[in-house]
Amino acid sequence: MSSQQGVKVMGQVNGIDSSDAYTVVIFRGSTAKPLRFSFPRKFVRKALIVGAFLLVADLLVISHYVIRTGEVWELSAFREEAMSARQQTVAFSTAIDDLKKRLTGIKEVNQRLRVMLGIETPKAGDMANGRGGEETPLPENNTLTSLDKNIKGEVVTLQLSTVNGGQAEGDEEKASLSSKAGELNEQELVSLVKEGIIWLSKEADTQEKSLQELSLVAEQKSSRWAATPSIWPVKGWITSGFGPRVSPFTEKPAWHDGLDIGAAANAPVHAPAQGRVITVGFDPKLGNVVKLDHGFGIQTLYGHLAKALVKEGQRVKRGDVVGLVGSTGLATGPHLHYMVKVNGQSFDPTRYILD
């Protein structure tokens, strides 16, 4: 026999038929006695079956792990995508809210333009507030409770907004879409955005039609537009608004037929529209006065001037300087008394200010 070590599987040992078993012979050298192990065929078959079963089970476990791992990755990707979509939806809702605010502002400008161009007349309430003339005492039994609570001292301040080409802030804004977004689920948020889009679409169509109408009327009434007051006559702050107030002189309720704009002494006073100077003079209450006739029944008056810089009959354009701010006449300090009259009726001058 060879001296090399080896292993043989024999089906017959010492002439004995061993077809019912498998024998494994291990040769350990030329002098060492070989080792023999016999395994029944049934045992081997069962072991193979068990091994195959375990192999299949391992393969199934591995496949399940691979599938689940893929699902976890896919779920993570979906989650990131959903978060990104929600962020985009919130950003979109914020943009819609901003557009709604801008459209609301455009709507206000459109409304003023429609009044100025004569497409619409002022509301009845505004007509009632338009009763003008110089400051007129109110009946003694007519008290202004709301004014008494908010107005103290000699100088009456009904508004504190700075007039630098802007106007006083209105009521508090309604809750925006962006402020609600964090409290809503996905379906409610999408529904809210859809409602905002529908509102924007309808409002944009309405304002577009209104602007087209305004554009047509503006072309037809360009001369009226040039004659319509539309800018602040002086930069400053409103110290007394149009309408009822407590008189700074009598401390009693009175009607104020103009707008008092506080400003530095000798600040330039500008014509808010083209027109013709019809009055340059002095009034015991309003001091040095300049009055302009803009045509179409529109007149403006500027009181308490330190000095008038125009003459009667002179033509002026929008933006031309007509005088300097002063405190002549009955005044508690330097300011401009600004009046707007249409067909002899006094109106709130802020209705004719766009910038």
Side-chain angles (χ1 to χ4, degrees), residues 1-104 172-206 208:
M1 180 174 290
S2 172
S3 60
Q4 294 179 346
Q5 294 181 348
V7 178
K8 287 186 177 181
V9 179
M10 302 179 64
Q12 191 174 34
V13 180
N14 296 326
I16 300 174
D17 186 6
S18 57
S19 59
D20 291 335
Y22 291 102
T23 301
V24 179
V25 181
I26 302 174
F27 295 94
R28 299 182 295 174
S30 58
T31 59
K33 184 179 181 178
L35 298 176
R36 289 181 174 85
F37 301 95
S38 295
F39 301 97
R41 287 179 178 271
K42 292 182 179 181
F43 174 78
V44 173
R45 281 195 293 269
K46 290 180 180 180
L48 290 175
I49 292 173
V50 172
F53 178 78
L54 292 176
L55 179 61
V56 171
D58 288 341
L59 291 175
L60 289 175
V61 170
I62 293 173
S63 344
H64 181 73
Y65 174 76
V66 172
I67 292 173
R68 291 305 180 192
T69 302
E71 290 177 350
V72 169
W73 288 345
E74 186 177 2
L75 180 60
S76 178
F78 283 157
R79 184 174 298 173
E80 292 180 359
E81 184 177 351
M83 289 297 295
S84 176
R86 181 175 179 83
Q87 292 174 356
Q88 293 178 1
T89 304
V90 172
F92 190 41
S93 67
T94 302
I96 290 177
D97 184 60
D98 181 61
L99 287 174
K100 290 180 71 174
K101 293 178 183 177
R102 293 171 63 181
L103 275 176
T104 301
E172 294 182 358
E173 299 174 351
K174 296 182 179 179
S176 63
L177 289 177
S178 58
S179 64
K180 299 178 182 178
E183 304 174 0
L184 303 177
N185 57 36
E186 294 295 334
Q187 186 175 0
E188 292 174 335
L189 184 58
V190 171
S191 176
L192 190 61
V193 171
K194 287 182 179 179
E195 291 177 2
I197 293 175
I198 294 173
W199 185 91
L200 284 174
S201 178
K202 292 181 179 179
E203 189 67 19
D205 290 341
T206 301
E208 183 179 6

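Only a predicted model underlies this, so the values are computations on that prediction, with no experimental measurement involved. Note: hydrogens, waters and symmetry copies are ignored here, and every other heavy atom, side chains too, is used.
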As an exercise, state the distance from CD of E80 to CG of L75, rounded to the nearest 0.5 Å. 10.5 Å

Rounded to the nearest 0.5 Å, what's the gap from CZ on R36 to CZ on F27? Could you check? 7.0 Å

Indicate every side-chain donor-acceptor pair of residues 42-65 with a distance under 3.5 Å to a residue at least two apart or in another chain.
unit_1 : atom_1 : unit_2 : atom_2 : d
S63    : OG     : L59    : O      : 2.4
H64    : NE2    : R68    : NE     : 3.4

